[in-house]
K.L.:
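Following this message is one structure expressed as C-alpha cells.
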Amino acid sequence: MEPVLDLAGIGFGPSNLALAIAVEEHALPVRARFFERQPRFGWHRGMLLEDATMQVSFLKDLVTLRNPTSGFSFLCYLRDRGRLIDFVNHKNLFPLRKEFHDYFEWAAEQVGHHVSYGAEVSQVRTCDDGFEFTVGEQQVRARNLVLATGLEANLPDGIETSDRIWHNKDLLTRVDSLKNPRQVVVVGAGQSAAEAVAFFHDRFPEAEVHGVFARYGYSPADDSSFANRIFDPAAVDDFYSAPEEVKQKLMGYHANTNYGVVDGDLIEELYRRVYREKVVGRQRLLLHNTSKLTDVTADGKCVVESLAGGGQLPIDADVIVYATGYRPANPVRLLGDLAHHCERDERGRLKVTRDYRVVTDNGLRGGIYLQGGTEHTHGITSSLLSNTAVRVGEILDSVLRRVAQQQAEPKLQAVK
C-alpha cells in the first residue's frame, strides 16, 4: 500500500488545481494526490464560445492573490505562449474564456504528477490514519480529504434533457447535431442565457431565436469598485462572523454582482440587434420578457406564456436550451455512510469552520475540507474564482497544522 497522503483532493477543477499548485510551491514536502474522474482537465468546455470573456480580472488567477511571484500566474502563462506584450497592449483585464481555459490546462500540465485522471473514488471509509478509499483496484489512505466536486446543472422541475432539450453546459458539444434549425428557444436571463441567444443568432442566420425569461429584460451585472469588495478575501471574514440575518441581507444586497445578470456590453449588443431587425422588417431575434415556458415535450414542442397578460405562443422548437444555472453538488455524497458523522445546522446545512473544514463528530479522525458548497458560511465566493488562490492557501495551512498534530499525538501518548 502507498504511504499515507497528507491530503487527497477529490475532483480536479480550478479549485483543486490551485490547491495542487500551492502544494507544489510549499517550502516543505506535502504528500498529496488529486483524483479526477474525467480523462483530462476540463472546465465548462460546453460554453467556451469564441468571443466570451471572463467576468473576473486575470489577476484573480490560480495564484496571484496568494503568491504574486508565482511562476504559475496568468502573466507567466502569457510569457510562455509568446503573447505577454500583445496582452499588455490590449489594455484589458478580462481575457477570453477560451484563453483562460488554456491557462488552466497549461497549469494543470505542470502539476500533472500530483493528479490521477480517469480515477473514480468509491467506498470511502474511516481508518486509524483518517480515511481509506478505493480508486479502481488501488487502496488509498489519506489523513485529510479536500472535496471539490463542482456544480450540477439545474433544470426546472419536470424537465429532462433529450435530443432537443439541453442544458447550456452542453451547448458546444451538441450544437453540430443541429442542421438548419428553424426555431431555437433559450430559457434564462443570466450571462449564459444571453451568450447562448447571441451565439444561436449568429450561427444560424435563417433561424428564429427566442429568449424567454420572467424579468422585464436582461439586468446588468454590478461590477462597480465598491460592490466588488464582496469578493475580497476580507469579506469572507466579515461574512463568516456575521449573524445569520446579516448573511441573508448581504447575499440579497449583492446578488446582482453574480447571479442572473449580464455583461452590459452584451445587453447593448442584443438590443441593437432587436432594433435593427425591427427597422429592416425581418425580426428573428425575439425576446419574450415577463414570460415562462410551459407544456414542454421531449420533441421540442412548447408554449411561451405571458406572465402579465396570459397570452400564449406555441413553438415547435428544433432545440430548447435551458440556461438556468447550476446548484452545488452534494459535497459529502461520496462519503456514503460516513456522511452521518458530519454535523449540520438547524436548516440542515453542513457546519463548516472558518478554514473550510466540515465539523464532524468524534467518529472521524480525518479532516474533510470543502471547495464549494459553503455559500451559507463563507459567502458569495464559495465556488467562484475570485477568492480561490487565497482559499487554497488557508486550506493547505490548516491541513498541515492537523497533520503535525496527528503526528505528534503518538509521541505524546508514549511520553504519558
Side-chain angles (χ1 to χ4, degrees), residues 44 46-57 90-98 166-169 171-172 175 178 181-225 227-228 254-294 302-313 315 317-325:
H44 294 304
M47 284 299 292
L48 296 179
L49 305 176
E50 288 291 335
D51 295 328
T53 59
M54 299 294 292
Q55 270 70 59
V56 62
S57 165
H90 193 32
K91 299 180 181 180
N92 190 355
L93 289 173
F94 307 103
L96 290 169
R97 198 177 296 155
K98 288 176 66 70
W166 310 343
H167 187 272
N168 69 277
K169 71 180 182 65
L171 179 59
L172 291 183
V175 69
L178 290 178
R182 297 171 295 104
Q183 303 279 342
V184 174
V185 176
V186 178
V187 181
Q191 181 72 23
S192 295
E195 288 176 355
V197 165
F199 170 78
F200 281 121
H201 191 254
D202 288 333
R203 175 79 175 248
F204 302 109
E206 300 303 318
E208 287 189 354
V209 180
H210 301 263
V212 182
F213 42 85
R215 299 184 180 189
Y216 214 78
Y218 296 115
S219 299
D222 184 356
D223 60 353
S224 59
S225 299
N228 274 344
H254 296 289
N256 64 346
T257 60
N258 183 63
Y259 302 107
V261 288
V262 181
D263 179 76
D265 290 341
L266 180 53
I267 293 175
E268 292 181 7
E269 171 60 24
L270 290 175
Y271 192 90
R272 276 195 294 269
R273 296 186 189 191
V274 171
Y275 186 80
R276 182 177 63 241
E277 290 180 355
K278 287 184 177 181
V279 171
V280 300
R282 180 176 178 251
Q283 194 166 0
R284 62 183 191 86
L285 178 53
L286 304 159
L287 301 182
H288 306 276
N289 57 19
T290 61
S291 297
K292 64 179 180 179
L293 204 65
T294 65
C302 57
V303 174
V304 177
E305 181 179 330
S306 170
L307 295 172
Q312 295 188 337
L313 174 66
I315 298 176
D318 296 272
V319 65
I320 302 171
V321 176
Y322 282 91
T324 44

K.L.:
Looking at N92, I'd like to know if its CG atom is crowded, meaning that more than 12 non-hydrogen atoms belonging to other residues, nucleotides or ligands lie closer than 6.0 Å.
P.N.:
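Yes.
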K.L.:
Checking D318 side chain against Q183 main chain: does a donor-acceptor pair fall under 3.5 Å?
P.N.:
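Looks like yes, one N/O pair under 3.5 Å.
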K.L.:
What closest approach, in Å, do T294 and E305 show between heavy atoms, and which atom pair accounts for it?
P.N.:
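Nearest pair, atom of T294 first, then E305: CG2-OE1, 3.7 Å.
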K.L.:
Can you confirm whether more than 12 heavy atoms, excluding those of Y259, are under 6.0 Å from its OH atom?
P.N.:
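For Y259, atom OH is crowded (more than 12 foreign heavy atoms under 6.0 Å).
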K.L.:
Do V304 and L293 come close enough that some side-chain heavy atom pair is under 4.5 Å?
P.N.:
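Touching, per the 4.5 Å side-chain cut-off.
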K.L.:
Determine whether R273 and D202 make a side-chain contact, defined as any pair of heavy atoms from C-beta on separated by less than 4.5 Å.
P.N.:
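Yes; the side chains approach each other to less than 4.5 Å.
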K.L.:
Sorted by first residue and then second, give each salt bridge (Lys or Arg N to Asp or Glu O under 4.0 Å) pair with at least one member in residues 275-285; sequence neighbours left out.
P.N.:
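Listed once each, the pairs are E206-R282.
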K.L.:
Please check: side-chain N/O of R203 versus main-chain N/O of V175, any donor-acceptor pairing under 3.5 Å?
P.N.:
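Side chain of R203 to backbone of V175, a donor-acceptor pair under 3.5 Å: no, none is there.
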K.L.:
Looking only at heavy atoms, what is the nearest atom pair of H167 and G325, with distance?
P.N.:
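That would be NE2-O, 2.9 Å.
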K.L.:
When rounded to the nearest 0.5 angstrom, what distance separates NE2 in H288 from NE2 in H210?
P.N.:
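One finds 5.0 Å between NE2 of H288 and NE2 of H210.
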K.L.:
Any chance you could measure M47, atom CE, to K169, atom NZ, to the nearest 0.5 Å?
P.N.:
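M47 atom CE to K169 atom NZ measures 12.0 Å (nearest 0.5 Å).
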K.L.:
For the CZ atom on F94, are there more than 12 heavy atoms of other groups (residues, nucleotides or ligands in this structure) within a distance under 6.0 Å?
P.N.:
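Count over threshold, so yes.
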K.L.:
To the closest 0.5 Å, what do you measure between OG (S192) and NE2 (H44)?
P.N.:
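Answer for the OG-NE2 pair, S192 versus H44, is 8.0 Å.
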K.L.:
Do C302 and I320 make a side-chain contact, defined as non-hydrogen atoms from C-beta onward lying under 4.5 Å apart?
P.N.:
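In contact.
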K.L.:
Which word best sums up how the rings of F200 and W166 line up, parallel for under 30°, tilted for 30 to 60°, or perpendicular for over 60°?
P.N.:
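Geometry flag for W166 against F200: tilted rings.
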K.L.:
As a quick check of understanding, evaluate ring-ring contact (aromatic ring centres under 6.0 Å, His included) for Y218 and F213, giving each step before the final call.
P.N.:
CA-CA 9 Å; Y218 296 115; F213 42 85; 4.7 Å; yes
K.L.:
Taking atom OG1 of T290 and atom NZ of K292, what is their separation to the nearest 0.5 Å?
P.N.:
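It comes to 12.0 Å.
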K.L.:
Say whether, by atom type as modelled, one donor and one acceptor occur between the side chain of Q283 and the main chain of G281 under 3.5 angstrom.
P.N.:
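Flag not set: sc Q283 to bb G281 has no pair under 3.5 Å.
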K.L.:
Looking at CG of N289 and CZ of R215, how far apart are the two atoms once the value is rounded to the nearest 0.5 Å?
P.N.:
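It comes to 12.0 Å.
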K.L.:
For V186 and A196, which heavy atoms make the closest approach, and how far apart are they?
P.N.:
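Heavy atoms of V186 and A196 come nearest at CG1-CB, 4.0 Å.
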K.L.:
Would you find a donor on one side and an acceptor on the other, under 3.5 Å apart, between the side chain of N228 and the backbone of D223?
P.N.:
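Such a contact is found between N228 side chain and D223 backbone.
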K.L.:
If you define the side chain from C-beta out and look only at heavy atoms, does anything of H254 sit under 4.5 Å from D222?
P.N.:
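Side-chain contact under 4.5 Å: no.
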K.L.:
For V185 and A317, which heavy atoms make the closest approach, and how far apart are they?
P.N.:
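Smallest interatomic distance, heavy atoms only, reads CG2-CB, 4.0 Å.
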K.L.:
Taking all non-hydrogen atoms of both residues, which atom of A194 and which atom of L266 are closest, and how far apart?
P.N.:
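Where A194 meets L266 most closely, the heavy atoms are CB-CD2, 3.6 Å.
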K.L.:
Between N258 and Q55, is any pair of side-chain heavy atoms under 4.5 Å apart?
P.N.:
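Counting from C-beta outward, N258 and Q55 never come under 4.5 Å.
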K.L.:
Side-chain contact, heavy-atom cut-off 4.5 Å: D51 with L49?
P.N.:
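Counting from C-beta outward, D51 and L49 never come under 4.5 Å.
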K.L.:
List the atom of A198, the atom of L270, and the distance in Å for their closest heavy-atom pair.
P.N.:
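Smallest interatomic distance, heavy atoms only, reads CB-CD2, 4.0 Å.
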K.L.:
Answer yes or no: is there a side-chain heavy-atom contact under 4.5 Å between V209 and F204?
P.N.:
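Side chain of V209 against side chain of F204, heavy atoms only: no contact under 4.5 Å found.
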